[in-house]
Amino acid sequence: MPLNTRILLDNRPRGEASVSNFRIETVETPPLAEGQVLVRHHYLSLDPYMRGRMNDAKSYAEPQPLGEVMIGGTVGEVVESRHPRYAPGDQVVGMGGWQQYSVVDASQPGALRKVDTTHVPLSHYLGAVGMPGVTAWYGLVKIIDPKPGQTVTVSAASGAVGSAVGALAKARGCRVVGIAGGPDKCAYVKDELGFDDCIDYRQHRDYPSLAKALKQACPHGIDGHFENVGGMVLDAVMLRTNPFARMAVCGMIAGYDGQPLPMANPALILINRLRVEGFIVSEHMEVWPEALAELAELVGSGRFRPRETVAHGIESAPEAFLGLLKGRNFGKQLVKLV
Ligand SMILES: NC(=O)c1ccc[n+]([C@@H]2O[C@H](COP(=O)([O-])OP(=O)(O)OC[C@H]3O[C@@H](n4cnc5c(N)ncnc54)[C@H](OP(=O)(O)O)[C@@H]3O)[C@@H](O)[C@H]2O)c1
């Protein structure tokens with residue numbers, strides 16, 4: 001059986017995460033039992049939720065156990081199978097973790113899914129046509145529910161989730177305004193993703209200044225907002241919301257290292273009669289088929305061209321992950337393993 005290099009969570013961060021929280025080791029993959037398949041991972045997905053799992057704190061999911069392989073989505077190919085539904089060469093998406101190979105109990109519901117790479121490249125099944133894309137779809141379609149002509153804003157707009165929110169909202173005839181960090185990301189959001197406008201939050205020292213820029217970009221106010229960041233960005237958006245605006249609260253990455261994120265004007269929820277709803281995409285498995293079908297169509301037809309930042313080799317995963325938390329990624333952050 002092949003050797004497998006993998007990354008474990010060694011100890012929990014205090015404040016900012018660092019590479020010393022992880023440990024790398026190489027072990028032999030075990031022989032397959034009946035019903036199992038051996039998957040060679042081609043790409044590992046790095047996602048902000050992993051930072052939350054590193055803490056031993058009460059949350060919607062159990063913490064990542066110490067001394068075990070870091071949790072993570074993977075795409076790859078079956079190299080050996082003792083399950084009748086899988087054969088060597090099948091391309092599959094699963095939760096293989098931060099390692100080169102995984103042994104999967106293929107009869108477990110949802111453990112593996114075969115994918116078709118005729119029109120959609122394999123890596124996009126971890127991004128636009130995978131969990132981040134469905135996240136965008138759920139928050140936009142089920143919570144914001146925008147009508148043609150309405151204005152939708154999204155923070156972390158150039159990222160895996162944010163870019164998909166933009167593509168889906170444009171497909172519904174909305175005016176879409178992104179908020180992102182830096183001129184390059186904003187140019188990409190407007191010129192390549194086709195957003196109507198994008199604001200560089202790094203150009204603004206405080207939320208009233210950012211709110212002023214939003215007023216220009218959203219002359220008719222904001223009808224729906226998709227929040228990925230929290231803090232100053234959320235405060236600025238709330239000032240520009242229209243009565244009965246909907247806010248899908250997807251992420252609060254500005255606080256993932258434990259920083260408090262006080263809200264400047266919570267009274268606006270009442271004054272503007274806002275509907276504010278948080279959600280976790282894995283609790284809405286019923287929408288995945290419909291969402292994936294629309295996302296695959298947008299990507300397959302070239303109407304949505306998502307960008308990726310690719311690190312190389314399993315050893316690069318910790319640094320790439322820390323970079324994602326600092327905004328060094330540009331689009332979906334992946335690690336290429338083959
Ligand atoms: N609720 C769910 O089920 C669910 C599922 C998936 C993802 N999420 C959340 O969705 C959000 C986006 O995830 P993603 O996978 O698409 O990641 P991503 O946007 O590709 O990458 C994270 C981005 O966050 C931005 N960022 C980081 N720190 C920031 C800060 N202090 N202030 C402002 N922006 C900051 C950076 O972009 P800039 O350079 O533009 O700042 C960075 O590139 C995250 O909050 C994640 O936790 C939630």
Side-chain angles (χ1 to χ4, degrees), residues 16-17 44-55 59-61 71-73 124 126-128 130-140 142-143 153-168 177-190 193 195 198-204 207 210 225-237 247-261 277-285 287-288 291 295 306-311 320-334:
E16 269 192 34
L44 161 69
S45 174
L46 295 176
D47 297 270
Y49 75 83
M50 295 163 174
R51 177 63 189 85
R53 301 287 173 90
M54 292 171 77
N55 294 340
S59 185
Y60 60 88
I71 185 175
H124 286 343
L126 294 175
M131 183 279 283
V134 180
T135 302
W137 192 97
Y138 186 86
L140 185 80
K142 294 293 179 185
I143 298 177
T153 50
V154 53
S155 51
S158 75
V161 174
S163 56
V165 171
L168 293 164
V177 175
I179 301 158
D184 291 348
K185 286 189 177 180
C186 281
Y188 162 70
V189 166
K190 279 194 286 189
L193 291 175
F195 282 46
C198 186
I199 296 167
D200 177 1
Y201 69 87
R202 293 203 186 139
Q203 298 294 321
H204 299 275
Y207 81 89
L210 182 57
H225 174 65
F226 194 107
E227 184 55 53
N228 285 320
V229 170
M232 174 177 107
V233 170
L234 180 57
D235 287 335
V237 165
M247 302 211 315
V249 182
C250 171
M252 291 268 168
I253 196 166
Y256 286 3
D257 282 328
Q259 309 88 319
L261 291 179
E277 188 172 332
F279 71 99
I280 297 299
V281 68
S282 53
E283 292 175 343
H284 302 282
M285 295 314 290
V287 308
W288 281 56
L295 291 156
R307 192 151 163 173
E308 299 172 333
T309 295
V310 183
F321 173 63
L322 300 174
L324 165 78
L325 297 176
K326 296 247 176 278
R328 282 186 215 121
N329 64 310
F330 205 133
K332 174 67 206 158
Q333 179 68 57
L334 298 167

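Whatever order the structure lists them in is the order used to number ligands and atoms, beginning at 1.
- At least one N or O atom of Asn228 sits closer than 3.5 Å to an N or O atom of ligand 1.
- Look at Gln333 and you'll find every heavy atom at least 4.0 Å from all atoms of ligand 1.
- Taking every heavy atom of Ala180 and a limit of under 4.0 angstrom, the matching atoms of ligand 1 come to 40 (O).
- A parallel orientation is assigned to the rings of His284 and Tyr138, their planes being inclined by less than 30° (bins at 30° and 60°).
- With Glu227 contributing its side chain and Val229 its backbone, the two residues share a donor-acceptor pair below 3.5 Å.
- Heavy-atom proximity to Tyr256, at under 4.0 Å, picks out these atoms of ligand 1: 45 (O), 46 (C), 47 (O).
- Annotation for ligand 1: atoms under 4.0 Å from non-hydrogen atoms of Leu325 are 27 (C), 28 (N).
- The N/O atoms of Lys332, backbone and side chain alike, include none that comes under 3.5 Å of an N/O atom in ligand 1.
- Every atom of ligand 1 with a heavy atom of Phe279 under 4.0 Å away is listed here by number and element: 1 (N), 2 (C), 3 (O).
- Set against the non-hydrogen atoms of Arg202, the atoms of ligand 1 under 4.0 Å away are 39 (O).
- Heavy atoms of Tyr201 come nearer than 4.0 angstrom to ligand 1 in at least one pair.
- Ligand 1 lies within reach of Cys250, whose nearest heavy atom is under 4.0 Å from it.
- Residue contact annotation: Phe330 has no non-hydrogen atom under 4.0 Å from ligand 1.
- Of the possible donor and acceptor atoms, none in the side chain of Ser158 sits under 3.5 Å from a partner among the backbone N and O of Phe330.
- Between the Thr153 side chain and the His225 main chain, no donor and acceptor come within less than 3.5 Å of each other.
- By the 4.0 Å N-to-carboxylate-O rule, Lys185 lies too far from Asp200 to be salt-bridged with it.
- The Asn329 neighbourhood of ligand 1 comprises atoms 18 (P), 20 (O), 21 (O), 42 (C), 43 (O), with distances under 4.0 Å to a heavy atom of that residue.
- At least one N or O atom of Val281 sits closer than 3.5 Å to an N or O atom of ligand 1.
- For the pair Pro306 and Ala128, the tightest heavy-atom approach, listed with the atom from each and the gap, is CG-CB, 3.6 Å.
- A side-chain donor-acceptor contact under 3.5 Å links Lys332 to the backbone of Leu46.
- For the ligand labelled ligand 1, residue Met131 lies inside the 4.0 Å heavy-atom shell.
- In plain terms, the two heavy atoms of Val134 and Ala291 that are nearest each other are CG1-CB, 4.0 Å.
- For the pair Ala160 and ligand 1, the shortest N or O to N or O distance falls below 3.5 Å.
- Both the backbone and the side chain of Val161 come within contact range of ligand 1, each with a heavy atom under 4.0 Å.
- Residue contacts with ligand 1: Gly251 is placed with no nitrogen or oxygen under 3.5 Å of a nitrogen or oxygen of the ligand (distance criterion only).
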